[in-house]
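Have a look at the structure below, then the notes.
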Amino acid sequence: MPRSERVVENLNAALHRVFAEDESAYLIGEDLADPYGGAFKVGKGLSTKYPGRVLSTPLSESGFVGVANGLALTGNTVFAEIMFGDFAFLAFDQLCNFAAKSVSMYGSRQELRMVVRCPVGGHRGYGPTHSQAVQKHFMGVPNLALYELTPFHDSADVFAEMVGRGEPCIHFEDKTLYGTRRWTEGTDDLFEFGFAGARREYGTAQPRVGSGDADCVIIATGGTAPLALQAARKLFLEAETVCRLVVPSRLYPLDLSPVEGMLARARRIVVVEEGVAGGTWGADVAQEIYERMWESLSGRVRLVHSDSSVIPSAAHLEREVLVQAEDIEKTVREALAR
Amino acid sequence: MLDASTTTAPRVAGPAEPADDDLELLLLIRHFELSLLDLFSAGKLNGTTHTCLGQEHVPVALGPLLGEGDYVFSNHRGHGHYLARFRDPEGLLAEIMGRQGAVCDGVGGSQHILRGRYLSTGVQGESLPVAVGTGLHLKRHEPGSLALVHIGDGTWGEGSVYEALNMAQLWRVPVVVAVENNGIAQSTPAALQMAGSIEGRVTGMGIAYRRIESCDVHDIRTAVEADVEQVRATNRPLVLEFSVPRVGPHSKGDDTRTQEELADARSRDWYEVYGRRFPEGFARADARLRERVSQVTRDVDARPLSEWRDACLAPSA
């Protein structure tokens, strides 16, 4: 795989492109002004180049998502940044009761071009209120589409797709990905990287030699994709197990059709996410798989997620709670053993 | 400038005879609301509704101060706001009754209406930050236009109000907040739900504020006209606090106030005040509008059910 740009650089470039091409684009959130450029630097340079369209706000998640709603209502393209995804709960009313419902509750479709970006997830020692993978809490809201940053996808494409929906979207961004390098199409020593779906809905990775059907398809969210790849490499090297990794750009509404054939032919299916147990995204994916291909399945879908727990601060405790590559590996081994 | 200052509208000896147009509109709203309560009693309305009985003069007074480019954000008690802007009792009643001709196909109902630059929604305080975003857009693209938000006294318990006012003042956003303070939040008197005062909270942020006691639409207009023009000229937000009586229940049959409290509310009702002062002209207009609303009600009640024509909504996955 050729050396590629870092994920955060790709995100930053994608935002710059939106701003250059769309004069109605806004970025709103806390601490966005240069030289800071946002807590994770995703918005760097924007406030210098487009001073009137980057709004660095008071600590007011509900308020500034509401302001984003007003800007979207009047026809602008709005990106809002929640500093830590956990804080998105403060804006739940504006997101669900206003943004999502406004698309349809006035009888005819009201277009809103709005993307709320949420850095999520643990492994950084930030503790219980700054580490949660909050995706599942926003599942199933009509007209609120959920996307997640992946190492595969070019954020410029994903941003264009979200804006094009004309309805509010949340873009979850696993903090551990920001500093890593993107996975570009091609091959490394063991794996081949590509996409499935006409619109590249899913990133895929599989062993170069495993051209036949996979022993196991691992469906993993963007943030857990590196862990799943790590597990897949180990399984291939140690046990010659062929795992095919499938990583969706969009979590909800879920559309499995681009990977349906691959899933139907797999011996086992494992779904991985970082969110904690209970009401998980994976449970929804499993149910969708059962609905679509119950007859052809050769085993139940296995779910991997974090423990039902707050996310502790201390590294050794956090590690116990969060999904690790070993958990994925163990689940695949167990699934194939039966 | 009345920035950060406290000003009370001048007290007048008594209201002047209202202009025909104002009186028509006041009575249209009054009889519309009374008709809704009748329809409820007759079991003809689904869900709930909140009438603005006693508060009709606020949107009627502010109406002529607004231009077509201005946005109006309304709340759960919004029938008067809608009628003052559009004078469309048929469309509103059809919306509330789920009949053909409904403004939003009956999906939104009493509390959720979008028509042009008018939007209502049913969660307290939610519209204020949205109005700030709207105001930012107007400031950039249509300077001189503003966003007007109607809220109640109970709304001041919501944190969104302060987040929005803070940003509006920080960023100089042309937003006017019309507070209809009827002294009671559903069943809870203001004294049990508000520490301090609206004035203290608003002026603490340096935001222009004016209190209006009068229920006379001409007096109100005279008192606030220059303030509203200042918002257009300077992009500074403004809070207008109207002391109003809530003559009816919160929604329907849920009034827990004493007879004395209700009598006090009625004595401050523009309907009583105008009726006492100008009995003849008032009685004629009152009878005319009662009959008009009665016709509208019969007409809408007889219509077929509304259809949700655009129920699709989500782009295909």
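Values below: every heavy atom of this structure, side chains too, minus hydrogens, waters and symmetry copies.
Proximity to chain A (any heavy atom under 4.5 Å) is restricted, for B/R140, to the side chain, taken from C-beta onward. Neither the backbone nor the side chain of B/Y162 has a heavy atom closer than 4.5 Å to any heavy atom of chain A. Interface residue B/L170: only side-chain heavy atoms are found under 4.5 Å from chain A. Heavy atoms closer than 4.5 Å to chain A are found in the backbone of B/I113, but not in its side chain. Using a 4.5 Å cut-off between heavy atoms, A/Y26 contacts chain B through its side chain alone, with no backbone atom that close. There is no contact between A/E201 and chain B, counting heavy-atom distances below 4.5 Å. Residue contact with chain A, scored on non-hydrogen atoms closer than 4.5 Å, is absent for B/L138.
Chosen from B/T134, B/L128, B/D105, the residue pairing most often with chain A at heavy-atom distances under 4.5 Å is B/T134. In terms of non-hydrogen atom pairs under 4.5 Å with chain A, the most contact-rich of B/V161, B/V107, B/L114 is B/L114. Of all the listed residues (A/T57, A/I28, A/N97), the one sharing the greatest number of non-hydrogen pairs under 4.5 Å with chain B is A/N97. Per-residue counts of heavy-atom pairs under 4.5 Å with chain A were compared for B/E126, B/M167, B/H112; the largest is that of B/E126.
Note: A/F159 and A/F79 have tilted aromatic rings, judged against thresholds of 30 and 60 degrees for the angle between ring planes.
A salt bridge between B/R99 and B/D301 is present, with a side-chain N of the basic residue lying under 4.0 Å from a carboxylate O of the acidic one. By the 4.0 Å N-to-carboxylate-O rule, A/R109 lies close enough to A/E111 to be salt-bridged with it. A salt bridge is defined here as a Lys NZ or Arg NE, NH1 or NH2 lying under 4.0 Å from an Asp or Glu carboxylate O, and A/R250 with A/E148 fails to meet this definition. A salt bridge links B/D70 and B/R232; the closest N-O separation between the charged side-chain nitrogens and carboxylate oxygens is under 4.0 Å. Salt bridge annotation for B/E307-B/R309: absent, with no cationic side-chain nitrogen under 4.0 angstrom from a carboxylate oxygen. Looking at A/R292 and A/D255, a side-chain N of the basic residue comes within less than 4.0 Å of a carboxylate O on the acidic one, giving a salt bridge. Between B/E68 and B/R117 there is no salt bridge, since none of the side-chain N atoms of the basic residue sits less than 4.0 Å from a carboxylate O of the acidic one.
Rounded to the nearest 0.5 angstrom, A/E273 CD and A/D284 CG are separated by 9.5 Å.
Contacts from residues 77-97 of chain B to chain A, taken as heavy-atom pairs separated by less than 4.5 Å, involve no residues at all.
Separation of the A/H171 and A/Y147 ring centroids does not fall under the 6.0 Å cut-off.
Here the side chain of A/N76 pairs a donor or acceptor atom with the backbone of A/L71 at under 3.5 angstrom.
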